[in-house]
K.L.:
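Pasting a structure below so you can have a look.
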Amino acid sequence: MSGDHSHNDSQIDSGSRHNDSHKHKDKYKDKEHKHKDHKKDKEREKSKYSNSEHRDSSDKKHRDKDKERLKLKDGSSDKQKDKHKEKKKEERSFDGKPKKEKENGFESPFIKSEPDNDFYHSLKHEKSLKRERNDDDAEFKPKKIKTENDRSEKKAKKRKQEEEDIKPKKKIKDKKGEVATDGKKKAKKEPEEKWKWWEEERYTDGVKWKFLEHKGPVFAPPYDPLPSNVKFYYDGKHMKLSSTAEEVATFFAKMLDHEYTTKEVFRKNFYKDWRKEMTSEEKSKITDLNKCDFSEMSEYFKAQSEARKAMTKEDKQKIKEENERILQEYGFCIMDNHKERIANFRIEPPGLFRGRGDHPKMGMLKRRIRSEDIIVNCSKDSKHPKPPPGTKWKEVRHDNKVTWLVSWTENIQGSIKYIMLNPSSRIKGEKDWQKYETARRLKKCVERIRAQYRDDWKSKEMRIRQRAVALYFIDKLALRAGNEKEEGETADTVGCCSLRVEHLTLHQEMGGQEYVVEFDFLGKDSIRYYNKVPVEKRVFKNLQLFMEDKEPEDDLFDRLNTSILNKHLQELMDGLTAKVFRTYNASITLQQQLNEITNSEDNVPAKILSYNRANRAVAILCNHQRAPPKTFEKSMQNLQTKIDAKKEQLADAKRELKSAKADAKVRRDEKSKKAVESKKKAVQRIEEQLMKLEVQATDREENKQIALGTSKLNYLDPRISIAWCKKFGIQIEKIYNKTQREKFAWAIDMAGKDFQF
DNA sequence: TGGTACACTTAGAATGACGGCC
DNA sequence: GGCCGTCATTCTAAGTGTACCA
């Protein structure tokens with residue numbers, strides 16, 4: 001086996017990787033982890049490798065040389081390879097710099113429809129704001145340096161254009177793309193003009209924006225007390241709770257049907273936090289959660305939910321309109337002359353913490369966030385958002401080196417939560433694009449890096465061997481880096497660098513293959529990673545060495561952490577981190593799979609099945625799982641019933657065709673000939689329908705426990721999919737829904753049919 | 001060198017919207 | 001027209017990675 005990085009045959013039993021976290025978790029319950037104790041291992045290593053100092057310095061020299069070589073090799077600007085694309089697009093590179101001046105400096109189809117024109121006053125104020133975009137990032141360097149004259153001329157043009165654009169427009173478009181003229185709606189959609197931020201230059205020195213204005217967050221609605229007929233019972237007796245205690249009780253009642261409320265940890269944490277909200281009288285009365293009866297509350301909320309569903313169309317419409325109004329008011333910001341959608345403008349409401357897996361803090365009370373907890377970030381010269389009457393913000397900040405608009409600290413883990421922009425925004429899109437370009441740079445030097453880590457498996461230094469084996473896993477199996485976690489603060493999950501001895505079983509021989517490593521651990525979100533992988537002999541021997549004399553709960557890589565690993569990777573390639581391997585391997589797998597399995601002769605559903613299969617290969621590689629939908633069995637059965645019916649229909653149609661043919665043979669007239677033709681067409685039509693249903697069934701079955709969305713959204717360079725669509729005449733809408741198309745607008749615009757990752 | 005704060009991406013579950021079918 | 005299943009969207013937890021400090 002030499003450098004096998006095909007991700008589809010590297011696993012003995014990839015299909016057996018399934019989400020079995022509940023059973024699995026028991027294995028780790030109540031464990032005392034001593035994996036931070038490295039002292040004895042250090043002693044062990046010292047005695048084994050006495051000349052490590054010398055090796056260290058010579059290694060560094062080699063690395064520096066390699067780094068230089070890599071820099072030279074990768075330094076050239078990476079252009080997209082679509083040679084058949086129209087010239088404008090062909091010339092555009094990922095550096096984000098336009099080849100021609102932007103035609104519409106500022107366009108905001110929303111402005112006139114905005115009810116609160118005040119909010120947009122700053123657009124006018126902003127119109128002369130220019131973005132100085134000299135790139136500091138190597139990848140995004142402009143290909144040609146502009147002269148100052150060029151710049152000022154262009155700036156002047158742009159400014160003029162922007163002024164034009166800010167002037168009231170005759171046409172405005174609403175969210176659905178309907179065009180209104182002077183307030184009147186037109187029935188027909190017109191193509192929306194989108195801002196092509198990818199044709200513009202980027203900011204430098206970590207500046208994220210020059211101007212930012214928004215309306216602040218939308219707070220969770222205040223607590224609405226229960227009606228007096230909805231009662232809480234303690235020990236079988238009605239008990240009126242104080243408003244605060246009642247609110248927290250409703251959080252529990254709302255979750256009564258959820259498995260969470262049966263978990264001991266959840267109940268314990270809830271009870272502890274609930275008591276903090278009780279009056280002293282309540283505290284003295286309520287002493288046992290098991291004696292609390294929340295069922296009336298629970299029924300009440302279920303009834304409310306039913307009532308919501310049963311609302312009249314008009315009432316539903318009213319709610320929808322109100323939501324739309326809130327969205328229009330709070331869901332957008334102005335960032336550097338453009339109206340951008342905010343991703344999460346609502347503050348997380350209070351409730352009970354739903355940690356994943358065996359989270360020690362599940363059930364704790366997530367407290368209500370008030371204005372006094374909120375830090376607002378916006379431009380000094382913008383109209384600052386106002387806190388609700390009678391309240392104050394914690395702070396108003398003007399930090400343009402960050403992308404967030406609002407932040408607060410949550411009380412469960414003490415972490416900071418942010419309000420940020422939607423994935424379709426410039427600020428997110430640029431970053432996403434950059435991510436794929438970094439992965440494409442890795443493509444150019446991955447063979448060298450692989451050669452190096454293979455070489456490092458033989459290193460005299462334990463730390464280098466560990467680093468090399470870990471990197472091999474990250475590369476081959478697309479494992480996450482595995483940062484260290486605070487014990488007892490979160491669920492016990494691991495990634496590559498934090499793997500423990502107990503997570504691996506070594507098999508000299510298994511299923512007819514040599515040197516098999518069996519992985520079994522809980523990864524991000526407590527999703528189980530189970531995989532049996534044949535590895536190279538040297539890796540296997542190294543693993544034996546790393547595991548020697550260790551307890552199951554000891555770290556496998558005791559000389560390694562993500563910081564050390566990433567520092568090393570940074571030396572191998574600028575911008576390289578462990579995460580890049582996952583992006584690279586996901587994207588390259590999609591590209592290879594599509595190249596391999598797409599049959600140009602296939603019809604559209606079959607081609608889409610091929611696409612989904614390629615996507616699935618990536619999802620399996622990245623271990624993106626989902627709980628099988630509750631309705632899965634039933635819906636499969638329904639589909640099968642449809643298939644059976646269609647088969648019968650086909651048999652009937654074929655019989656009819658046969659008899660029509662026989663009839664035509666005897667009668668030899670036009671009418672019977674026509675009858676044969678129409679029967680033939682009917683057979684064809686039914687065959688197509690049957691095929692479609694069968695493809696659907698296959699797709700659904702194969703997708704039972706696999707989530708395609710995560711890889712599609714976060715790991716697969718969208719240009720691969722778009723190029724594939726263009727090449728094989730598939731509508732992009734078949735692959736990406738509306739939201740995804742908005743997120744990947746940059747890729748849709750720039751990828752031609754010949755783009756290769 | 002390790003700890004921590006912070007900023008940001010990635011993740012599956014929950015919820016909501018919508019369209020097809022009876 | 002209502003029900004049901006599916007897909008889209010929202011929500012927020014859980015990761016990664018960097019900067020900074022002692």
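Since the structure is predicted, the reported quantities are computational estimates derived from the model, not experimental observations. Chain letters run A, B, ... following the sequence lines, proteins first, then strands; residues in each count from 1.
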K.L.:
Main chain of A:Gly575, side chain of A:Gln570: is a donor-acceptor contact present, judged purely on distance under 3.5 Å?
P.N.:
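Confirmed, A:Gln570 side chain pairs with A:Gly575 backbone.
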K.L.:
Across the strands shown, which category fits A:Ala343 at heavy-atom distances under 4.0 angstrom: base, sugar-phosphate, nothing?
P.N.:
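Result for A:Ala343 = nothing.
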K.L.:
When you check the phosphate oxygens OP1 and OP2 of C:dG15, does a side-chain N or O of A:Lys485 lie under 4.0 Å from one of them?
P.N.:
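Yes, within the criterion.
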K.L.:
Let's see if you can work this out: which of B:dA11, B:dA7, C:dG17 has an atom nearest to the side-chain heavy atoms of A:Asn714?
P.N.:
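Taking heavy atoms from C-beta onward, the closest nucleotide is B:dA11.
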K.L.:
If the cut-off is 4.0 Å, is A:Arg480 near the phosphate of B:dA11, judged by side-chain N/O to OP1 or OP2?
P.N.:
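For B:dA11, OP1 or OP2 has a side-chain N or O of A:Arg480 closer than 4.0 Å.
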K.L.:
Would one find a side-chain N or O of A:Lys431 under 4.0 angstrom from OP1 or OP2 of B:dC8?
P.N.:
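False: A:Lys431 side-chain N/O out of range (4.0 Å or more) of B:dC8 OP1/OP2.
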K.L.:
Write down the distance between CD1 (A:Ile474) and C1' (C:dG17), rounded to a whole number of angstrom.
P.N.:
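Those two atoms, CD1 and C1', are 13 Å apart.
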K.L.:
Does the pair A:Lys318/A:Glu322 count as a salt bridge with the N-to-O cut at 4.0 Å?
P.N.:
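A salt bridge is absent here (no side-chain N lies under 4.0 Å from a carboxylate O).
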K.L.:
Look at all strands and tell whether A:Arg308 reaches a base, only sugar-phosphate, or nothing, counting heavy atoms closer than 4.0 Å.
P.N.:
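Nothing, no heavy atom under 4.0 Å.
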K.L.:
Indicate whether OP1 or OP2 belonging to B:dT10 is found under 4.0 Å from a side-chain N or O atom of A:Lys579.
P.N.:
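Looking at the OP1 and OP2 atoms of B:dT10, one of them is under 4.0 Å from a side-chain N or O of A:Lys579.
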K.L.:
Name the residue closer to the 5' end of DNA chain C, choosing between A:Val494 and A:Thr739 according to the nucleotide with the nearest heavy atom.
P.N.:
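Per heavy-atom nearest nucleotide, the more 5' residue is A:Thr739.
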K.L.:
Separation of A:Ile369 atom CD1 from C:dT12 atom C1', in whole Å?
P.N.:
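Whole-Å distance recorded here is 13 Å.
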K.L.:
Grab the CD-P distance between A:Glu348 and B:dA14 for me, whole Å please.
P.N.:
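After rounding, the gap between these two atoms is 16 Å.
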K.L.:
OP1, OP2 of C:dT16 versus side-chain N and O of A:Asn483: anything below 4.0 Å?
P.N.:
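Result: yes.
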K.L.:
OP1 or OP2 of B:dT10 versus the side-chain N and O atoms of A:His624: is any pair under 4.0 Å?
P.N.:
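Indeed not, no polar side-chain atom of A:His624 lies that close.
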K.L.:
Using a 4.0 Å heavy-atom cut-off, does A:Gly482 contact any base of the nucleic acid, only the sugar-phosphate backbone, or nothing at all?
P.N.:
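Sugar-phosphate contact only.
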K.L.:
Could you check A:Asn585 against A:Tyr715 for side chain to side chain contact (heavy atoms under 4.5 Å, CB included), going step by step and ending with a plain yes or no?
P.N.:
CA-CA 9 Å; A:Asn585 278 312; A:Tyr715 289 103; over 6 Å; no
K.L.:
By nearest nucleotide on DNA chain C, pick out whichever of A:Asn422 and A:Gly355 is the more 5' one.
P.N.:
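Taking each residue's closest nucleotide, the earlier one in sequence belongs to A:Asn422.
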K.L.:
Once you apply a heavy-atom cut-off of 4.0 Å, does A:Asn737 come out as touching a base, just sugar-phosphate, or nothing?
P.N.:
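Counting heavy atoms under 4.0 Å across all strands, the contact made by A:Asn737 is with sugar-phosphate only.
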K.L.:
If you assign A:Thr403 and A:Ala707 each to the DNA chain B nucleotide with the nearest heavy atom, which residue ends up on the more 5' nucleotide?
P.N.:
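The 5'-side residue here is A:Thr403.
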K.L.:
Less than 4.0 angstrom between a side-chain N/O of A:Arg528 and OP1 or OP2 of B:dG12, yes or no?
P.N.:
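Looking at the OP1 and OP2 atoms of B:dG12, neither is under 4.0 Å from any side-chain N or O of A:Arg528.
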K.L.:
Nearest to the side chain of A:Arg346 - C:dG17, C:dA14, C:dC11?
P.N.:
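Among the listed nucleotides, the one closest to the side chain of A:Arg346 is C:dC11.
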K.L.:
Atom CZ of A:Arg354 and atom C1' of C:dA13: how far apart are they, to the nearest Å?
P.N.:
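Rounded to whole Å, this separation is 12 Å.
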K.L.:
Using a cut-off of 4.0 Å on non-hydrogen atoms, how would the nucleic acid contact of A:Arg356 be classed: base, sugar-phosphate, or nothing?
P.N.:
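Base, at least one base atom sits under 4.0 Å.
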K.L.:
In whole angstrom, what separates A:Phe301's CZ from B:dT15's P?
P.N.:
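A:Phe301 atom CZ is separated from B:dT15 atom P by 13 Å.
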K.L.:
Within less than 4.0 Å of OP1 or OP2 of C:dA14, is there a side-chain N or O belonging to A:Gln413?
P.N.:
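Looking at the OP1 and OP2 atoms of C:dA14, one of them is under 4.0 Å from a side-chain N or O of A:Gln413.
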K.L.:
If you look at every strand shown and take non-hydrogen atoms under 4.0 Å, does A:Pro423 touch a base, only sugar-phosphate, or nothing?
P.N.:
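It contacts nothing in the nucleic acid.
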K.L.:
State, yes or no, whether a side-chain contact exists between A:Leu560 and A:Arg463 at a heavy-atom distance under 4.5 Å.
P.N.:
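No, too far: nothing below the 4.5 Å cut-off.
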K.L.:
C:dA13, OP1 or OP2 - any side-chain N/O from A:Lys417 closer than 4.0 Å?
P.N.:
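Yes, because at least one side-chain N or O of A:Lys417 sits under 4.0 Å from OP1 or OP2 of C:dA13.
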K.L.:
In whole angstrom, give the distance that lies between atom CH2 of A:Trp404 and atom C1' of B:dC6.
P.N.:
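My rounded result for the distance is 10 Å.
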K.L.:
What is the distance, rounded to the nearest whole Å, between atom CD of A:Gln434 and atom C1' of B:dT9?
P.N.:
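Whole-Å distance recorded here is 13 Å.
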K.L.:
Checking all strands, does A:Lys366 fall into the base, sugar-phosphate, or nothing category for heavy-atom contacts under 4.0 angstrom?
P.N.:
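Sugar-phosphate contact only.
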K.L.:
Just checking A:Gly495: base, sugar-phosphate only, or nothing, at a heavy-atom cut-off of under 4.0 Å?
P.N.:
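The answer is nothing, as A:Gly495 stays clear of every strand by at least 4.0 Å.
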K.L.:
Do A:Asp358 and A:Asp492 make a side-chain contact, defined as non-hydrogen atoms from C-beta onward lying under 4.5 Å apart?
P.N.:
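SC-SC contact between A:Asp358 and A:Asp492 ruled out.
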K.L.:
For A:Thr493, answer base if it contacts any base atom (sugar-phosphate contacts may also be present), sugar-phosphate if it contacts only those atoms, and nothing otherwise; contact means non-hydrogen atoms under 4.0 Å.
P.N.:
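Sugar-phosphate contact only.
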K.L.:
Is the phosphate of B:dG12, meaning OP1 or OP2, less than 4.0 Å from a side-chain N or O of A:Thr710?
P.N.:
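The answer is yes; a side-chain N or O of A:Thr710 sits under 4.0 Å from OP1 or OP2.
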K.L.:
Should A:Lys208 be listed as having a side-chain N or O under 4.0 Å from OP1 or OP2 of B:dA7?
P.N.:
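A:Lys208 to B:dA7 OP1/OP2: no side-chain N or O under 4.0 Å.
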K.L.:
Assign each of A:Lys524 and A:His258 to its nearest nucleotide of DNA chain B by heavy atoms, then name whichever residue's nucleotide is nearer the 5' end.
P.N.:
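Comparing both residues, the 5'-ward one is A:Lys524.
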K.L.:
I need the CG-P distance between A:Asn566 and B:dC8, as an integer number of Å.
P.N.:
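My rounded result for the distance is 18 Å.
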K.L.:
By the 4.0 Å heavy-atom rule, please label A:Tyr418 as base, sugar-phosphate, or nothing.
P.N.:
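Answer is base: heavy atoms of A:Tyr418 come under 4.0 Å of a base.
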K.L.:
Can you measure from CD1 (A:Ile474) to NZ (A:Lys579) and round to the nearest 0.5 angstrom?
P.N.:
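Interatomic distance, A:Ile474 CD1 to A:Lys579 NZ, rounded to 0.5 Å: 13.0 Å.
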K.L.:
Does any part of the side chain of A:Thr438, heavy atoms only, come nearer than 4.5 Å to the side chain of A:Tyr584, both counted from C-beta?
P.N.:
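Heavy-atom side-chain distance check fails, nothing below 4.5 Å.
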K.L.:
How are the rings of A:Tyr260 and A:His258 set relative to one another: parallel (under 30°), tilted (30 to 60°) or perpendicular (over 60°)?
P.N.:
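Ring orientation, 0 to 90° scale: parallel.
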K.L.:
Looking at B:dC18, I'd like to know if its phosphate oxygens (OP1 or OP2) sit under 4.0 Å from a side-chain N or O belonging to A:Lys320.
P.N.:
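So the side-chain polar atoms of A:Lys320 do come within 4.0 Å of the phosphate oxygens OP1 or OP2 of B:dC18, strictly under.
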